[in-house]
Amino acid sequence: MKITKKILAVAVAVAGLSLMGCPMPLGDGLISSTGQVDYTNENETEYARDFSQLPAKHEDFAVKITLENAKDSPGVMGAAFDMTQNDDGSWNFGVVGIQCYGGAKKYYVSHFFNTKKEDWNSNNFGVSAKKSGFDSSVDTPYEIVLKDFTVLPSNAYTYSDEEGLSCVVLIQTTNQCGYNINIVKPEAWENATGTTAAKFTSLVSDSSKLSSLTNTHTGYTYDAENDKWLNPAGKESNIVAAEPGHIEAKVGYYVNIYGQKTMKGSFDKVYTKGEPIAE
């Protein structure tokens, strides 16, 4: 009876977060409802990974990421996008990861398909197979590497040993279910003029954007007979009527805390475009 009550309490708490518009943990709750991270991975051989998912679907998404103890090389913080769940419970998602390791500031962009939650703490989410594009013929885990670990340009972040590494990740949907991705200094976001939407558009569309991923990875397919788009899980997707091919999908935050490391950091959602979120 006590176990049942505990499970019910957790379910009620998660439902409450959804109603309040707070991010919802998908794993062990390593990211708080306010976007704070303060966790020690005591395991020597496994990673500690988690996602926190915003409750609504979005076309565009921008989040400020601060890895406070970056000098300690604690792991990866990132923005998750295009998050869908298959009928068997496995997950598909894209990740823009930010890492500071041994003083080197780097980022990567990858899309994972058919990952099982019980394998998330294993090496690379338990994924060994890599493909160049979406493959609907398999239900086993695989990864599409869109950008391997690459040094962040100096105009994409701020850093000090005392305050850590900070940047703003911007993710914008494009025609044919693709994405533009950029990473900028927090000051670039703060000093940009115009409405929040105008700031986002000007920064993500800058000619120095890091990645243009149009139609290279998402696996969305158009069902012409029924005039609808299907996501990688084979389910109907939200497509923005005024912008054909622009998808609304779940987005969120991501952490990977290395073995026997403590991570301190924060996520701050600065812009979304899509379904409204209760604040």
field: side-chain contact (heavy atoms from CB on, under 4.5 Å) between F267 and I65, intermediate numbers included
entry: CA-CA 5 Å; F267 296 93; I65 295 174; 3.9 Å; yes
message: Evaluate T272 against D60 for side-chain contact (heavy atoms from CB on, under 4.5 Å), listing each step before the verdict.
response: CA-CA 5 Å; T272 56; D60 301 335; over 6 Å; no
query: Checking side-chain contact (heavy atoms from CB on, under 4.5 Å) for the pair L165/T66: CA distance, chi angles, key distance, verdict?
result: CA-CA 6 Å; L165 186 154; T66 302; over 6 Å; no
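Atom-to-atom distance recorded for Q36:CD and D268:CG is 9.0 Å, nearest 0.5 angstrom. Atom NZ of K64 sits about 14.5 Å away from atom NZ of K269, to the nearest 0.5 Å. Between N256 atom CG and N121 atom CG the span is 8.5 Å, to the nearest 0.5 Å. With rounding to the nearest 0.5 Å, the separation of CD in Q85 from OG1 in T115 is 9.5 Å. Put simply, CD1 on I181 and CG on L146 are 7.5 Å apart, with the number rounded to the nearest 0.5 Å. Between atom CG of residue D148 and atom OG of residue S110 there is a gap of 7.0 Å, rounded to the nearest 0.5 Å.
One hydrophobic cluster, built from ILVMFWY side chains closer than 4.5 Å, holds both F81 and F134.
Here the side chain of D50 pairs a donor or acceptor atom with the backbone of D28 at under 3.5 angstrom.
Looking at V37 and L30, their side chains never come closer than 4.5 Å, going by heavy atoms from C-beta outward. Taking the side chain as every heavy atom from C-beta outward, Y179 and Q172 never approach each other to under 4.5 Å. At least one side-chain heavy atom of M83 sits under 4.5 Å from a side-chain heavy atom of Q53. Between L54 and F61 there is a side-chain heavy-atom pair separated by less than 4.5 Å. Inter-residue side-chain proximity for W120 and L26 is flagged as met; some heavy-atom pair is nearer than 4.5 Å.
Note on residues 190-205: no pairs pass side chain to side chain donor-acceptor pair (under 3.5 Å), not counting sequence neighbours. Sorted by first then second residue, the salt bridge (charged side-chain N to carboxylate O under 4.0 Å, His left out) pairs that include residues 117-133, not counting sequence neighbours, are K130-E143, K131-D135. Residue pairs meeting the salt bridge (charged side-chain N to carboxylate O under 4.0 Å, His left out) criterion with at least one partner in residues 69-79, sequence neighbours excluded, are absent. For residues 146-167, the pairs satisfying ring pair (Phe, Tyr, Trp, His ring centres under 6.0 Å) are Y108-F149, with sequence neighbours left out. Pairs passing the salt bridge (charged side-chain N to carboxylate O under 4.0 Å, His left out) check and including a residue from residues 35-45, sequence neighbours excluded, read D38-K264.
For the residue pair A79 and V63, the shortest heavy atom distance occurs at CB-CG1, 3.8 Å. Across all their heavy atoms, R49 and N124 have their closest contact at NH2-N, 3.4 Å. Of all the heavy atoms in P74 and L67, the pair that sits closest is CG-CD1, 3.8 Å. Across all their heavy atoms, A129 and P141 have their closest contact at CB-O, 3.8 Å. Nearest heavy atom pair, residue S154 against residue K185, reads O-CE, 3.2 Å. Listed here is the closest heavy atom pair of I144 and G133: CD1-C, 3.4 Å.
Judged as a side chain to side chain donor-acceptor pair (under 3.5 Å), and not counting sequence neighbours, the contacts of T45 are N43. Not counting sequence neighbours, the partners of T40 by the side chain to side chain donor-acceptor pair (under 3.5 Å) test are T262. Applying the ring pair (Phe, Tyr, Trp, His ring centres under 6.0 Å) criterion to Y254, with sequence neighbours excluded, gives F51, F125. In terms of the ring pair (Phe, Tyr, Trp, His ring centres under 6.0 Å) criterion, Y39 has no residue partners (sequence neighbours excluded). Remark: T34 engages S32 in a side chain to side chain donor-acceptor pair (under 3.5 Å) (not counting sequence neighbours).
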Can you list, pair by pair, the side-chain donor-acceptor contacts under 3.5 Å of residues 89-104, counting residues two or more places apart and other chains?
from, atom 1, to, atom 2, distance (Å)
S90, OG, N86, ND2, 2.8
S90, OG, D88, OD1, 2.6
N92, OD1, N86, ND2, 3.3
N92, OD1, N114, N, 2.9
N92, ND2, T84, OG1, 2.9
N92, ND2, N86, OD1, 3.0
Q99, NE2, Y258, OH, 2.8

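Other members of the hydrophobic cluster containing F200, listed by chain and number, are V168, L170, V184, W189, L203, V204, V270, Y271; membership follows side-chain contacts under 4.5 Å among ILVMFWY residues, whether direct or relayed.
Enclosure of atom CD in E163 is not indicated, since only 12 or fewer non-hydrogen atoms of other residues, nucleotides or ligands lie within 6.0 angstrom.
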